[in-house]
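Lettering follows sequence order; numbering is per chain, from 1. Given the structure is predicted, the values throughout are model-derived calculations rather than measurements.
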Amino acid sequence: MRELGLDPYGHRQHDLLSLAEAAGRYDEAADATHQESAAARKGVLKDNPEAEDAPPMIDDRPRVRVAGRVMLIRDSGKLVWMNLRDASHESFQVAVSKADCDELGFALAKQTDLGDIVVASGPLMKTRKGETTIWASGLEPGSKCLVPPPSKHDGLQDQELRYRQRYVDLWSNPETTSVFMLRARVIAALRAHLASIGFVEVETPMLQSQAGGAAARPFVTHLNALDMDLYLRIAPELYLKRLLVGGMPRVFEINRNFRNEGVDRSHNPEFTMIELYEAFGDCSTVMDISESLVRVAAKVASKMRAGETGVRAEGGSLVLPFGDLSIDYAPAFDRVNYGELFERGLGFAFTDHDRARAEATKRGIKTRNEAGEDIDIVFIINELFEEFAEPKLDPARPTWIVGYPAALSPLTRPMADDPSLADRADLFIAGMEIGPHYTELNDPDVQAAKFREQLAGVDDEERTFRSFDADFIRALKSGMPPAGGMGLGIDRLMMLMADQRSIRDVLLFPFMRPEAT
RNA sequence: GAGGGCGUAGCUCAGUUGGCAGAGCAGCGGACUUUUAAUCCGCGGGUCCAGGGUUCGAGUCCCUGCGCCCUUACCA
């Protein structure tokens with residue numbers, strides 16, 4: 001290619017259209033006129049090659065200039081066919097003819113390999129088989145692909161390679177690109193919706209001197225300038241609440257949290273959460289916001305799906321597939337009481353602590369910790385609940401679990417009419433926990449007591465990253481308005497929207513063990 | 001952490017009872033101006049994940065390790 005005087009790695013281009021835009025510019029009338037005039041001229045010249053009165057060629061076909069990755073190539077001597085792909089279009093045909101393309105372009109076409117990026121320009125026409133095609137007048141290098149491309153039929157199948165070499169996965173498997181296009185559109189729509197109801201997006205520290213706002217093991221890093229350890233945040237909660245104190249009444253943050261824990265189908269060490277606080281709201285106001293956000297996301301997803309399949313979503317319903325399930329996001333989400341669900345799953349009331357301890361032993365749930373001490377009954381109850389009651393939920397119906405025991409939710413305001421219950425709701429869809437919703441605690445004395453209580457129960461290792469957040473208590477002492485708060489796991493939401501069973505399939509670069517060298 | 005599956009050419013995959021390492025595509029050389037996974041002729045291509053064992057002989061059987069996938073557990 002260099003021998004032709006071409007730079008295999010291309011240069012800046014003007015007036016490029018996406019392949020989808022280019023396909024949309026095809027003009028049937030112009031194509032027909034051109035074909036007729038060419039045929040007429042050819043007919044006259046055939047009889048008399050010297051004919052002065054041969055009709056002129058009329059060519060006002062739209063001309064386009066596109067760039068794309070070569071996915072297929074068919075070389076039949078003096079005519080080379082290629083199919084280009086970009087993010088907008090899976091396969092768009094270009095024909096490079098020796099007679100009609102400039103000499104350099106044709107020479108390039110003969111040297112083009114699968115996987116190369118090329119820039120093609122020329123008029124739009126249709127082939128005999130009716131496929132819209134650029135009949136190239138010029139072809140230029142975009143970028144050379146030196147790596148052998150994946151199978152042109154099957155794309156890249158190997159899961160490990162798909163995650164490790166996402167750049168290849170993206171160009172070789174168009175379904176992968178569409179998952180991430182959907183992700184981008186959903187997140188943009190969530191932001192737009194929140195802005196439209198008066199929420200302000202903020203950014204709070206990811207490097208924190210103590211990792212608060214959730215119960216999880218943090219990642220540790222070091223600030224050399226001050227020779228001190230810092231933690232990657234496990235949640236933004238305590239900073240967002242400080243903003244409520246400061247007078248920002250409706251704030252949210254869509255950003256990464258980091259948790260130094262297990263890696264599996266629904267857990268990645270870094271993951272994206274939307275966390276939101278509404279002053280003078282409560283658990284039920286933020287539940288409404290979440291329902292509308294999930295519905296906004298489902299609308300974007302069903303619109304994109306309809307665009308792909310050409311099928312319109314039926315009026316009033318927002319049904320999306322998830323594995324074997326069909327989930328309708330349109331109707332109001334179900335609500336079920338923690339206590340009722342517990343009874344349905346276990347056959348007795350969760351307030352019967354003696355029975356709970358006995359059942360736990362019978363059903364093989366730990367009732368003592370490693371030190372041989374009795375585990376607090378609330379954790380045993382929760383264990384029973386998660387194991388035997390949560391599975392009773394219909395996975396195909398988005399469901400709120402409400403009325404959690406107060407003892408399980410130390411950072412939540414108790415219900416006014418029953419202080420043994422917390423004003424908290426958790427959203428479950430398809431058996432996945434999507435996010436907790438709370439009426440936030442804003443009494444500094446109660447909060448301080450809860451912090452102390454929590455700290456009393458932790459071991460030495462945990463104490464290194466969890467300490468009493470005195471500044472947060474000081475902030476509450478300034479007065480935090482009563483508020484509702486919620487967190488939604490964006491990655492899990494995207495698994496539902498994109499019908500992907502693994503969190504790795506909705507993260508562009510999921511965590512992978514480093515490759516052996 | 002436990003159980004199961006997989007790992008063979010650049011990619012997608014076969015490989016029978018333990019008996020010479022295979023196919024398609026990709027690559028290289030050649031033919032071809034309306035092809036659609038183009039076609040036709042010819043040619044190269046291997047640390048069978050790694051290490052050990054059984055055996056006359058191991059891609060195949062056994063053990064150990066590594067990686068990925070699935071299930072399950074843990075992560076209040």
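Side-chain N/O atoms of A:Ser76 and base N/O atoms of B:U35 include no donor-acceptor pair closer than 3.5 Å. Contact annotation: side chain of A:Arg128 to base of B:U34, donor-acceptor pair absent below 3.5 Å. One donor-acceptor pair, N or O on each side, does fall under 3.5 Å between the base of B:C74 and the side chain of A:Asp264. Between the side chain of A:Glu131 and the base of B:U36, at least one donor-acceptor pair of N or O atoms lies under 3.5 Å.
For A:Glu253, the side chain to side chain donor-acceptor pair (under 3.5 Å) partners at least two apart in sequence or on another chain are A:Thr204, A:Arg233. Residues meeting the ring-ring contact (aromatic ring centres under 6.0 Å, His included) test with A:Phe342, sequence neighbours left out: A:Phe348. Not counting sequence neighbours, A:Phe388 has no partner by the ring-ring contact (aromatic ring centres under 6.0 Å, His included) test. A:Phe385 is linked by a ring-ring contact (aromatic ring centres under 6.0 Å, His included) to A:Tyr338, counting only residues two or more places apart in sequence or in another chain. With sequence neighbours excluded, the residues satisfying side chain to side chain donor-acceptor pair (under 3.5 Å) with A:Lys110 are A:Asp75. Contacts of A:Asp418 classified as side chain to side chain donor-acceptor pair (under 3.5 Å), with partners at least two apart in sequence or in another chain: A:Ser420. Scored by the ring-ring contact (aromatic ring centres under 6.0 Å, His included) test, A:Phe468 finds A:Phe451 as partners (sequence neighbours excluded).
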Dump every N/O contact between nucleotides 24-26 of chain B and the protein below 3.5 Å, one line per pair.
{"from": "B:C25", "atom 1": "O3'", "to": "A:Lys152", "atom 2": "NZ", "distance (Å)": "3.3"}
{"from": "B:A26", "atom 1": "OP1", "to": "A:Lys152", "atom 2": "NZ", "distance (Å)": "2.8"}

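Of the possible polar contacts, one joining the A:Asp443 side chain to the A:Val446 backbone as a donor-acceptor pair under 3.5 Å is found. No donor-acceptor pair closer than 3.5 Å links the side chain of A:Asn268 to the backbone N or O of A:Arg504. Checked by atom type and distance alone, the side chain of A:Asp86 pairs as donor or acceptor with a backbone atom of A:Leu19 at under 3.5 Å. At least one donor-acceptor pair closer than 3.5 Å links the side chain of A:Arg41 to the backbone N or O of A:Pro55.
Nucleic acid contact class of A:Glu160 (heavy atoms, under 4.0 Å, all strands): sugar-phosphate only.
Residues from residues 90-106 of chain A placing a heavy atom under 4.0 Å of any atom in RNA chain B, listed by number, are A:Gln93, A:Ser97, A:Lys98, A:Ala99. Near RNA chain B, meaning a heavy atom under 4.0 Å from it, residues 20-41 of chain A has no residue at all.
Between the CE atom of A:Met71 and the P atom of B:A37 there is a distance of 13 Å, rounded to whole Å.
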In the 5'-to-3' direction, what one-character label does each nucleotide of nucleotides 42-48 of chain B receive under the scheme B = base within less than 4.0 Å of a protein heavy atom, S = sugar-phosphate only, - = no such atom? -------
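Sequence neighbours left out, the pairs with a member in residues 433-442 of chain A that pass salt bridge (Lys or Arg N to Asp or Glu O under 4.0 Å) are A:Lys241-A:Glu440.
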